[in-house]
Amino acid sequence: MLPAAKSSFKVRQQEPGAGPRGPKFSNAKRNRPCQAFPGIPGEFVLEAAPGVRRSLGASLRFDSIPGTLFCTNRRVAFVPDVPPGAKAHPRCSFLHSEYDVALPCIGKLVAASSVSKAKVLTASSSLKFMPEELVLYCRDFRVLHFRFPESGLEPGAFRVTMAIARAQESDRDVAAWSDSTQLRNLENAQRSPEEEGEEDPAPTLLFKSLQDWEQELRRLGPAGWRVSVANERFDMATSLPRYLWVPGQLLDNELKRAFAHFNQRRIPRLCWRHPGGSDLLRAASFHAASDPEKEDTRAVEALLLAGHARCVVVDTVADLPSSTEIQLAHVRLRTLCSPDPAVADEKWLSALEGTHWLDHVRACVRKASDVAVLLAERRCSVVLQESDDRDLNCLVASLVQLLADPHARTQLGFQNLVQREWVAAGHPFAQRLNLCRDGDRGEAPVFQLFLDCAWQLLRQFPAAFAFTEAYLLALHDSSYVPFFSTFLFSCQWERSRGGQHRASSQLYTPVNGWRDAANLEILPQAPVGGGACLPPVWAWALHYSAQQRAQFQNPIYTRASDGHMAPPGCSKLKATLSETGAVFLLARGGLAPQPHLFPWKNGSLVKKGPWRVPSSDSLNDQWGWPSSCPALPGAVLVPACTGSAIQLWRRCYLRGSPERQRGLFPAMLTDLTEELELLQECLNDGHWRATSPPSPAESEEAGSPLSPSR
Amino acid sequence: MLSKAAGGRPAKPSFVSYVSPEEIHIKEPAGKEVNPYLLPGELLLCEASTVFKYVQEDGSNRGTYGKLVCTNFKVAFLGYESASDDNEPQFKNKVIGENDITLHCIDQIYGVYDEKKKSLYGQLKKYPEKLIIYSKDFRVFHFCLRCTKEEEVKRIVSGIVHHSQTPKLLKRLFLFSYASAAPNSPDAKNRTVMFDTFKDWHEELERTKGNVKYEVVSVNEGYRVSEKLPLYFVVPKPFLKSVTESILVHQGRGIPIWCWSCHNGAALLKMSPFPKEQDDSALQMPKLMDGIYKTIHAPPYEVLKMDDLSSSLPSLQDIQTAYTRFKQLFLIDNSAHFWDTDVKWFSLLESTNWLEIIRRCLKKAIEVVEQLERQTTNVLLIEENASDLCCVISSLVQVMMDSYCRTKFGFQSLIQKEWVIGGHSFLDRSNHLRKSDKEEAPVFLLFLDCVWQLVQQYPPAFEFTETYLTVLSDSLYIPIFSTFFFNSQHQKDTIMSGESHNAQSSPFRLLTVWDWSVQFEPKAQALLNNPLYAEKPKPDKSQRKTTRFKHHRQLSLPLTQTKSSPKRGFFREETDHLIKNILGKRISKLINSSEELHSNFREFYDSWHCKPVDFHGLLLPHIEGPEIKVWTQRYLRWIPEAQLLGGGTVAITAKFLDVMEEVQKLQKQMDEEHSQTAAEDADAVPTLRNSARLSSLFPFALLQRHSLKPVLPTSTWKDLEDEEDLAKRDDEFVDLSGAD
């Protein structure tokens with residue numbers, strides 16, 4: 001662990017060495033007629049090439065924009081030329097979402113020329129021709145084309161290409177961003193664009209402070225639950241957040257006894273509370289060394305049952321892909337969607353099926369929908385259990401809430417959700433996204449899979465979400481930008497320490513080895529959040545213009561009516577509750593009762609063989625639900641998981657080929673807004689003619705269809 | 001699946017009107033008689049009582065008892081417990097009820113004998129205990145005949161099999177009995193152009209400005225020239241003078257018939273070629289024709305290019321095979337069956353080849369558009385009979401290029417022109433008479449599916465919705481409309497004159513499908529119109545809009561002028577040369593070389609898609625792999641697994657309707673403000689209120705009543721509820737799984 005940390009320091013030490021080259025280069029630049037580059041503090045230009053044209057597609061047919069291509073120590077940036085006479089476009093100084101690529105986001109760099117065949121460039125490769133075109137394949141599925149027209153500036157093209165090739169490999173010092181001086185500057189940089197716009201009325205809860213946890217718990221209805229501070233110093237479990245939602249009657253003393261029974265000491269804790277009374281919990285698997293025969297398991301029992309008579313344990317791993325499978329599917333998907341080795345159109349569907357990406361999406365959506373229905377229909381505690389509770393549990397827990405909780409379908413609610421179930425809960429972003437390129441082994445786009453699932457729901461229920469596809473896309477892209485605290489660290493402990501000990505080897509510290517880490521006295525004395533000065537990804541104003549952010553709002557969002565959440569029939573159930581705790585296992589599409597309360601062996605629940613249903617389809621089979629049962633208004637969304645219903649997120653994955661992208665309609669929203677604009681114009685016009693002042697009610701009405709609050 | 005449920009634990013009757021077959025004794029219809037609603041001219045042929053109809057969607061044994069009847073028009077199931085529906089479906093067909101299947105709509109009939117499914121046809125020796133009917137509009141009906149009297153079973157099964165599957169005479173079509181019995185309603189004036197008069201054709205020529213070079217001919221009056229050709233058609237002007245007489249010999253073969261003229265003067269023509277083996281009298285024909293082609297090749301006519309569709313598109317047989325495989329994906333017996341096929345959904349879909357055929361048709365249409373639009377050449381489509389793929393391609397080209405064809409009446413007129421009058425053999429292609437499977441091919445459905453691809457890619461460009469296309473495709477099987485039940489205008493006229501002669505009564509009228517009021521109430525008809533249709537901006541409406549459209553309109557012109565014009569010049573020269581040399585020898589040489597075609601196509605296609613779309617200009621569909629989709633509404637509409645409550649595009653449409661309504665209200669208010677009138681009524685009822693929980697399959701889903709679908713099996717829930725000790729339960733589970 002320590003050596004790893006050292007090495008990251010070392011790389012950073014090299015940086016000042018490289019630094020002096022920066023000014024030199026920029027001095028050289030000054031002679032040329034290229035624009036000044038408004039960099040982030042701490043950023044310096046390595047190379048720049050003016051007279052570059054950025055085109056939308058590979059061929060000359062596409063429109064192109066002239067500008068300057070920069071390669072800095074942080075990113076590849078393209079600054080469009082300002083036509084003489086036009087007002088300079090205020091440029092986002094932080095990161096332009098359209099033109100800029102952070103270095104870790106570069107997936108593949110290809111140089112092409114008419115005299116030579118296209119060459120993939122790595123840091124060590126040498127370029128033997130003058131590149132005429134440069135293609136950046138980004139990890140977020142963007143493809144950027146830069147053309148170098150013949151204008152006597154070929155050496156510049158050559159140099160910038162080589163600089164990018166070098167830089168894409170030498171960017172392992174992303175952690176250096178947490179260097180305080182640079183961060184202070186960055187914070188200042190962050191402030192300026194935000195000064196223009198007004199502040200968010202309700203900021204996203206980051207779940208770093210006790211207040212956040214308490215506030216959210218109040219929203220869910222606090223009955224029976226409390227916020228525990230048992231882990232406030234991260235001395236119970238490093239990967240867990242400081243504060244935990246636990247059953248109210250359980251004292252911290254008792255609680256502390258439960259930690260040892262779970263992998264990574266990740267005990268069951270509340271994720272969400274259904275208004276009907278059910279509770280959704282998540283936990284890691286039982287620790288291999290814990291023995292229910294010998295030890296006192298009352299605390300564990302109380303945690304699992306959470307005051308209910310029944311507890312359904314959902315084995316999140318069953319039916320769902322492993323992280324390796326997710327990664328493999330994602331790689332295949334990227335290959336399929338890359339515009340170059342285009343799959344023949346008539347083979348597209350089977351090629352798509354061959355990636356298995358949609359199968360994984362489908363499995364996740366189905367699992368989440370099972371759990372959501374379970375929560376809505378019964379009063380019980382549902383415990384999501386995964387070996388480490390850090391990957392698929394995050395995914396399923398958030399998807400269930402998207403389906404069942406209308407609040408999670410607003411932008412603020414969604415951000416809170418991600419912050420709670422992924423960021424605070426300790427999803428190992430650093431390893432999964434692999435932004436620092438510390439080896440590919442743990443890389444798996446679990447978060448991207450979640451966003452895809454969320455998109456499926458959004459597509460299936462377009463009026464149920466307050467945010468749009470554009471928002472999900474922005475979040476998707478931002479997850480490849482290494483400038484946000486959200487995606488750089490693997491748990492809150494690491495985050496609070498500003499990443500000084502960030503090393504992937506630390507992620508899966510065995511429970512027994514954990515104490516050593518605690519003894520290092522790692523806790524910063526600074527106030528909460530003092531260490532990590534990087535902004536969270538939710539500071540959208542940093543990298544998305546107001547216009548882009550306006551597209552995050554879904555104009556056809558219909559607010560679900562709250563208050564009808566109590567499912568019918570749950571009152572009847574209360575009467576039949578018995579005192580004995582019963583545990584059921586939901587796996588492979590069926591519920592199986594567990595004969596013993598905690599029948600774990602070798603760290604996992606015993607899976608009952610006989611009741612395993614051959615295919616997962618039987619879930620939707622032969623339900624004899626009373627048809628008189630009215631739909632729960634606005635409560636649970638039941639998504640369709642058929643092959644035809646789960647579709648490819650084309651705006652995300654097919655961005656590389658503009659031919660394919662163009663046909664994707666912005667859902668006719670533009671038409672609507674245009675119509676309203678026109679109408680408003682007419683209204684103004686009308687008022688002018690009718691000489692009667694506009695009644696406030698009327699103008700409000702005109703705006704109301706677009707305002708999500710209706 | 002069914003048997004398991006029946007043999008296992010009896011399901012709790014969960015809905016009042018649903019009972020399981022075991023409880024039959026309760027359910028004798030005590031004096032309650034249900035009578036089918038019969039159309040004029042409809043006769044009851046046979047019936048069977050106490051038939052049990054399963055609720056289709058879940059494969060459990062729930063269902064309802066009723067009477068199964070077979071008339072000369074339909075097979076219908078009449079539930080004893082009249083669905084005293086509190087919520088009358090918003091979209092209801094007045095002719096075909098929820099449980100009605102017209103005889104022409106029956107696709108396959110299966111009987112279940114001892115758990116085995118067998119296709120039923122011809123004379124039956126043994127009668128099944130269950131009857132499964134697949135309909136051509138993708139409904140699947142399961143009837144249990146176990147409780148029905150044996151006599152009745154025999155009668156109804158053989159009756160249905162006989163009336164739906166044995167060959168029929170044209171005169172025996174229900175069409176005629178309906179028409180003679182139905183009251184002669186005054187002919188409602190429809191704005192759809194029927195193209196059965198000289199005037200209609202003439203006006204179409206004027207509309208497209210093709211009247212300079214083309215002319216309507218009436219040589220075929222009385223079908224003197226050809227029975228395949230319509231009474232009136234349009235040919236190039238010089239053609240008319242020189243060869244009117246000689247074409248008589250060939251029954252209209254070799255005549256280039258005008259379909260449509262592009263704004264730049266280039267025209268789309270179609271022609272059926274000369275027969276391959278020519279007899280002596282025909283030998284002089286090619287020479288004659290060469291003369292004609294030379295004439296129409298020379299100015300003022302544009303360069304002529306020929307396109308032999310039979311070589312560049314799939315054969316009718318391919319189309320039929322693909323569709324047969326494709327539709328099987330959606331004819332689902334039960335959920336288990338559905339999920340079985342669903343696992344391999346994409347590869348199954350691909351292996352049917354149906355989407356690929358759609359892609360090829362769209363691609364061919366784009367190629368033709370490219371030649372018309374950018375190269376300004378006349379395009380002559382050649383096909384045997386010129387009435388199948390010619391219709392598909394020429395109609396598609398017109399839908400893409402002519403925004404009039406994207407309005408409802410324009411589209412209907414187009415179908416009249418190219419298909420109904422154009423001589424598409426609807427009767428044979430749909431095999432309505434059950435005479436020969438060989439002729440059967442869903443060419444018209446293929447066209448509708450292609451149009452649907454366009455509609456879903458560019459919704460604001462079309463005045464009609466996908467629902468319109470779906471009900472249009474369903475109307476193909478409703479034998480009260482004459483539109484889709486004849487092979488040609490000649491056939492219709494012949495039989496009509498014969499019928500009226502025989503009957504010696506007042507001549508009756510046949511209904512056309514375009515009279516939508518026959519099938520739908522105005523409220524339901526509203527769902528056929530696209531609320532988001534971007535109407536052509538009137539010149540005076542808004543300055544801003546017109547300028548924008550002007551800008552867009554450049555799209556119809558060659559885009560990269562600097563590059564394309566020299567190339568185009570070269571290309572035309574070359575073709576001229578080619579034609580001059582070869583013409584008169586072999587026409588087939590005129591057909592473009594494929595590489596040239598391909599590169600032209602690519603460039604045209606790409607450059608068009610680089611620009612913003614003008615909904616009133618040229619419209620090219622995307623044809624890449626991910627863009628060709630399954631027409632969900634038509635094919636998946638009865639499959640509950642595909643249903644989303646409160647979701648789907650319906651949710652968007654509903655919201656849009658709400659907003660539109662609001663906008664309209666405001667506009668009205670504004671108008672009133674201007675005119676200083678204070679009249680106020682804001683009670684316009686929106687079409688889709690309470691849309692929050694509308695099914696995504698709206699307006700087709702039968703299942704609106706079964707609102708929320710719990711995902712977990714009930715049996716498990718029962719176990720959850722029971723408070724018995726778990727060890728016992730464990731054993732039970734083992735038993736159950738064994739039974740599974």
Side-chain angles (χ1 to χ4, degrees), chain A residues 61-62 343 345-346 348-350 352-353 369-370 373 377 460-463 556 558 576 578 590-591 593 595 610-611 615 617-627 629-632 638 640 642-645 648 650 654 659-660 662-663 668 671-672 675 678-679 682-683 686 690 701-702 705, chain B residues 5 11-12 14-15 58 60 335-336 339 342 345-347 349-350 356 359 457 460 532 606-607 609-610 622 624-627 630 632 636 641-642 644-647 651-652 655 659 662-663 666 670 673-674 692-693 705-711 713-714 716 721 723 726-727 729-730 733-734 737:
Chain A
R61 282 186 302 274
F62 294 100
V343 180
D345 286 335
E346 60 270 21
W348 165 264
L349 290 175
S350 54
L352 182 61
E353 185 175 277
S369 122
D370 288 355
V373 171
E377 304 301 335
Q460 292 193 8
F461 301 97
I556 66 158
T558 314
T576 64
S578 72
L591 277 176
W611 181 246
S615 60
D617 37 1
S618 70
L619 264 187
N620 291 316
D621 230 8
Q622 48 154 309
W623 51 277
W625 200 253
S627 323
C629 162
L632 313 175
V638 182
T642 63
S644 54
L648 183 74
R650 296 185 298 161
L654 292 180
E659 300 95 334
R660 289 178 178 181
R662 279 285 182 172
M668 301 175 284
D671 286 49
L672 183 71
E675 184 75 35
L678 210 74
L679 188 79
C682 283
L683 260 172
E701 222 174 329
Chain B
K12 216 161 50 174
S14 44
F15 188 55
D58 57 356
S60 75
S335 298
W339 291 113
D342 199 55
W345 167 255
F346 285 117
S347 43
L349 198 60
E350 187 179 281
E356 177 58 23
R359 188 197 331 279
Q457 287 182 17
L532 297 171
D606 286 347
S607 59
H609 280 299
C610 282
H622 288 264
E624 291 89 358
E627 307 294 341
V630 175
T632 321
L636 286 162
E641 283 79 5
L644 297 166
L645 281 164
I652 303 183
K655 185 75 186 182
V659 175
E662 202 151 345
V663 167
L666 274 171
M670 244 169 50
E673 201 176 310
H674 290 173
R693 300 304 285 188
R705 271 163 278 141
H706 318 289
S707 36
L708 181 68
K709 178 176 56 165
V711 190
T714 359
T716 16
E721 264 168 281
E723 300 301 330
L726 292 165
R729 190 137 308 278
D730 227 18
F733 268 103
V734 178
S737 49

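Quick note on labels: first sequence line is chain A, next is B, and so on, each numbered from 1.
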Measure across [X] and [Y] and return the closest heavy-atom pair with its distance rounded to 0.1 Å.
X: B:Pro626; Y: A:Leu654; answer: CG-CD1, 3.7 Å
X: B:Arg359; Y: A:Asp345; answer: NH2-O, 3.1 Å
X: A:Ser644; Y: B:Trp345; answer: CB-CZ2, 3.5 Å

By side chain to side chain contact (heavy atoms under 4.5 Å, CB included), B:Glu350 pairs with (sequence neighbours left out) A:Lys347, A:Leu349, A:Ser350

